[in-house]
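Report on the following structure.
Chain letters run A, B, ... following the sequence lines, proteins first, then strands; residues in each count from 1.
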Amino acid sequence: MSSGYDSHPPHGDLPSPRISDLARPRGPGGDPGYLDGLNPEQRAAVETTEGPVLVLAGAGTGKTRVLTTRLAHILSTGRARPWELLAVTFTNKAAREMRERITHIIGAEAEGLRWLGTFHSVAAQILRRHAELVGLKSSYTIIDNDDQERLLKQLIEAENIDAKRWTPKILAGMIDNWKNKGWTPDRVPPADGSEFAAGKGTILYRQYQDRLRILNACDFGDLLLHNITIFTSHPDVLTDYQTRFKYVLVDEYQDTNIAQYLWLRLLAQGRQNVCCVGDDDQSIYGWRGAEVDNILRFERDFPGAKVVRLERNYRSTEHILAAASGLITANKDRLGKTLWTDEAGGEKVKVSGVWDGEAESRMVADEIEKARRAGRKYSHMAILVRASFQMRAFEERFVMLQIPYKVVGGPRFFERAEIRDAHAYLRLIQSPDDDLAFERIVNTPKRGIGDTSVQKLRQVARLESLPAVEAARTLVGSDELPARTRTALSNFLRDLDRWRALAQTMPHQRVLEAVLEESGYTDALRLDKGPTSQTRLENLKELVQSMSAFDTLEAYLEHVSLVMDLDKGAGDDAVWIMTLHSAKGLEFPLVFLPGWEEGVFPSQRSMDDKGTKGLEEERRLAYVGITRAREEARISFVANRQVYGRWTSQLPSRFVDELPLAHVEAASETGYYGGGPGMQQTAASRWDDTGQSSFGGSGYASPGWKRAQDRMAGGGNSWSNPRTGGSGGRSAPIEGEGRLVAVSAPSKASAYQRGDRVFHVKFGYGQVSSVEGNKLSVAFDKAGDKKVIDGFVEKA
DNA sequence: AACATCGTAATTTTT
DNA sequence: TTACGATGTT
């Protein structure tokens with residue numbers, strides 16, 4: 001079985017539908033066909049339906065197949081009806097895929113799986129039915145981060161807090177974290193609550209919750225949190241769901257946060273038929289509240305739990321698996337798993353060091369072309385980077401060479417400004433009280449209602465306890481606004497009323513079209529000479545299209561608030577460029593892993609903020625990266641990189657040296673380095689400078705970062721500069737300069753403390769006034785108080 | 001209210 | 001370097 005049954009990239013195909021025929025229950029003694037081809041562990045995971053089960057599913061071990069087969073098994077053996085199953089995932093994509101694959105096995109019955117969805121969509125459904133128990137109406141709206149920040153900004157300003165120092169974004173992040181931990185405002189520990197703006201955090205959180213309630217709205221975190229509140233304060237409701245859900249299934253359990261964990265535990269406690277599937281080695285979302293601990297202590301939470309390990313990998317070659325496995329053993333907190341395969345041989349993982357980022361992108365592009373000539377499709381190749389700033393170099397190169405590529409991630413359809421604007425119009429038509437929507441579009445497109453007027457409007461709304469639209473009506477009838485503004489506002493209100501009337505009689509796509517035309521929105525875009533205006537118009541067309549799939553405006557809006565995911569189609573044959581995070585769950589025959597340098601990967605920030613925990617998560621990210629590859633994985637790192645416009649000298653990532661030597665091949669082919677003639681050195685030999693170990697040779701196992709430390713201590717960047725003239729348009733890095741900037745000194749905590757004298761290239765000399773992780777507040781002698789990253793200063 | 005200019009800071013992402 | 005936001009100018 002060469003093709004995995006784990007998630008495929010969009011070009012993947014579904015398993016053969018023949019299973020659906022075989023899925024019907026057989027005569028006594030006969031196995032139903034859907035169990036065919038499962039290995040013993042997979043089968044145990046499917047057939048152990050009763051009681052708690054933890055499935056530790058390594059990368060590429062058939063996790064999704066087990067999940068879907070298990071559901072099909074429960075259904076086709078009559079243990080439960082579709083609506084008695086609770087199955088939760090993190091992403092819409094995963095939920096969709098699961099539904100599709102179950103349909104392939106059991107057919108139309110899968111449509112009854114109404115509790116299969118993301119945590120958020122299931123929680124939203126439950127909340128709709130009991131909204132009044134937390135002070136909401138069942139017609140509540142779900143706001144996204146943008147609305148959230150907008151709202152918080154108002155609250156922060158109302159408290160007279162400096163919104164530059166204490167940004168809405170920071171507060172939103174804090175509140176999200178609190179919600180992820182299951183804390184309502186009264187549960188926030190004082191220490192946490194006072195972190196924001198001299199102790200105002202908890203107060204603002206409470207105000208925010210009150211405001212949401214008045215708006216009959218909630219944010220994503222609330223969906224879970226309100227559920228938990230309802231369950232704990234109304235045991236009868238909880239019992240109802242505990243009884244209803246005969247079996248509970250959870251995907252990606254290692255990614256659950258505390259709120260999700262509490263929610264699940266409440267629901268699963270009744271019947272104890274809970275199956276969690278996950279992989280502690282692929283836990284890469286700690287920074288957004290995921291608790292690996294949830295999976296590590298499953299057996300304590302559910303005594304008598306059966307643990308199944310899926311370790312047989314159907315995706316990658318021996319060398320790739322061994323390289324990944326070897327690397328991950330450097331982590332301490334693991335449940336322990338070793339992937340294996342009986343597909344012997346294959347290519348070793350290639351590791352190459354090159355001079356700089358330009359050389360790296362050139363090398364990757366060359367290899368892509370070479371693979372292409374050898375018959376590989378572009379879409380079978382992927383470049384997985386740690387952070388998105390690394391993507392640019394590849395994109396530039398690909399544009400030059402006309403290699404088709406596709407960047408995954410980036411701004412998503414429903415998050416684009418024009419789409420959100422259109423939605424705001426629709427929301428306002430649907431519910432006149434939607435103040436957030438009102439504020440978003442009251443002057444979009446520009447209709448002469450500026451900041452001052454909006455301020456006044458807000459003031460009236462607050463004093464009179466009116467929704468913004470009503471406040472606007474009041475203002476129009478008064479003389480508090482300049483005549484011109486008053487007319488503009490009056491026209492806007494008139495338009496709104498007209499559109500609302502239109503919505504009663506017209507199909508909703510038509511309504512949107514009318515709104516966009518009559519509001520002048522499309523005209524404004526057409527006049528816009530910006531490079532994106534054309535695309536934005538097209539996006540709006542697409543939006544109108546996508547609405548037709550829904551009967552009512554209401555149904556449509558409900559959909560977009562939760563399923564912010566529009567598949568852009570498989571597209572054409574193109575190389576994938578994405579972050580390691582977004583590559584999780586995907587697989588590609590040929591994977592490039594560039595930028596394996598200290599500070600970049602593992603990311604300095606991650607280590608500074610979270611110490612060893614952060615480092616281990618980075619290492620899991622590396623593990624995820626390598627295990628995406630089916631046939632070939634290529635790791636690279638550079639000696640010099642331009643970061644934020646400055647040349648910095650880079651040290652190879654410690655992860656490079658943690659790879660087991662036997663499964664790695666240090667690339668030594670010529671032809672990648674530099675551009676100029678006369679460049680003879682090989683990538684490998686360039687690493688021999690220290691004389692301590694040979695990168696290409698046998699002695700390369702000594703830890704690179706340690707070597708590097710020695711080198712730093714010895715003074716100066718000892719990499720020879722192979723570039724004599726410099727070939728491209730960019731200037732060559734200056735030898736030794738990297739040391740001055742010293743971005744990647746492998747230190748955990750900041751090397752600085754209060755009182756230290758420091759020097760900054762731009763700000764000059766100063767004294768450290770406080771240290772927070774790697775962020776320093778420095779009183780500069782000439783430039784005044786600044787906050788800087790410690791990598792940008794040096795001891796004076 | 002619209003436009004230009006300056007200053008500042010700098011992962012990872014889903015819902 | 002670049003992108004975004006806040007500030008200042010017309």
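Comparing N443(A) and S121(A) by the nucleotide of DNA chain B that holds the closest heavy atom to each, the one mapping nearer the 5' end is N443(A).
Regarding Q148(A), its CD atom lies at a distance of 13 Å from the C1' atom of dT14(B), rounded to whole Å. If you measure from atom CG of D144(A) to atom P of dT13(B), you get 18 Å, rounded to the nearest angstrom. Regarding R288(A), its CZ atom lies at a distance of 9 Å from the P atom of dT13(B), rounded to whole Å. Note: NZ (K169(A)) to P (dG5(C)) measures 8 Å, nearest angstrom. Here the C1' atom of nucleotide dT14(B) and the CD1 atom of I142(A) are 14 Å apart, to the nearest Å. One can place NE2 of H559(A) at 11 Å from P of dT15(B), the figure rounded to the nearest angstrom. With rounding to whole Å, Q282(A) atom CD is found 16 Å from dT12(B) atom C1'. Rounded to an integer number of Å, the gap from OH of Y285(A) to P of dT14(B) is 6 Å.
The side chain of R392(A) has dA3(C) as its nearest neighbour among dT11(B), dT15(B), dA3(C). Across dT2(C), dT15(B), dT13(B), the shortest atom-to-atom separation from the side chain of T91(A) is found for dT15(B). The side chain of W287(A) has dT12(B) as its nearest neighbour among dT11(B), dT12(B), dT15(B). Distance from the side chain of S582(A) is smallest for dT13(B) among the nucleotides dT11(B), dT15(B), dT13(B).
Backbone-only contact: G448(A) has heavy atoms under 4.0 Å from sugar-phosphate atoms and none from a base. L224(A) comes within contact range of no nucleotide atom at all, as no heavy-atom separation falls under 4.0 Å. Within 4.0 Å (heavy atoms only), S388(A) reaches sugar-phosphate atoms of the nucleic acid but no base atom.
One finds no salt bridge joining E358(A) and R397(A) here, because no Lys/Arg side-chain nitrogen approaches an Asp/Glu carboxylate oxygen to under 4.0 Å. A salt bridge is defined here as a Lys NZ or Arg NE, NH1 or NH2 lying under 4.0 Å from an Asp or Glu carboxylate O, and D147(A) with R440(A) fails to meet this definition.
Geometric assessment of R288(A) against the ring of Y285(A) yields a positive cation-pi assignment under the 6.0 Å and 45° thresholds. Both the sub-6.0 Å distance and the 45° axial angle are not jointly satisfied by R619(A) relative to the ring of F655(A).
In this structure, the aromatic ring of F389(A) is not positioned over the six-membered ring of the base of dA10(B) within 5.5 Å between centres and 30° between planes.
When the side-chain nitrogen and oxygen atoms of N145(A) are compared with OP1 and OP2 of dT15(B), none of them lie within a distance under 4.0 Å. Within the 4.0 Å cut-off from OP1 or OP2 of dT13(B), at least one side-chain nitrogen or oxygen of T579(A) is found.
K179(A) and Q209(A) share a donor-acceptor pair across their side chains, judged by distance under 3.5 Å alone. Checked by atom type, the side-chain pair S490(A)/T487(A) shows no donor-acceptor distance below 3.5 Å.
The gap from the P atom of dT12(B) to that of dG5(C) amounts to 16 Å, rounded to the nearest Å.
Taking the six-membered ring for Trp and the full ring otherwise, H581(A) and W287(A) have centroids separated by under 6.0 Å.
Every residue meeting the side-chain hydrogen bond (donor to acceptor under 3.5 Å, both in side chains) condition with R150(A), not counting sequence neighbours, appears here in chain and number order: D146(A).
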N/O contacts under 3.5 Å, protein versus nucleotides 7-10 of chain C?
from   : atom 1 : to      : atom 2 : distance (Å)
dT7(C) : OP1    : K164(A) : NZ     : 2.7

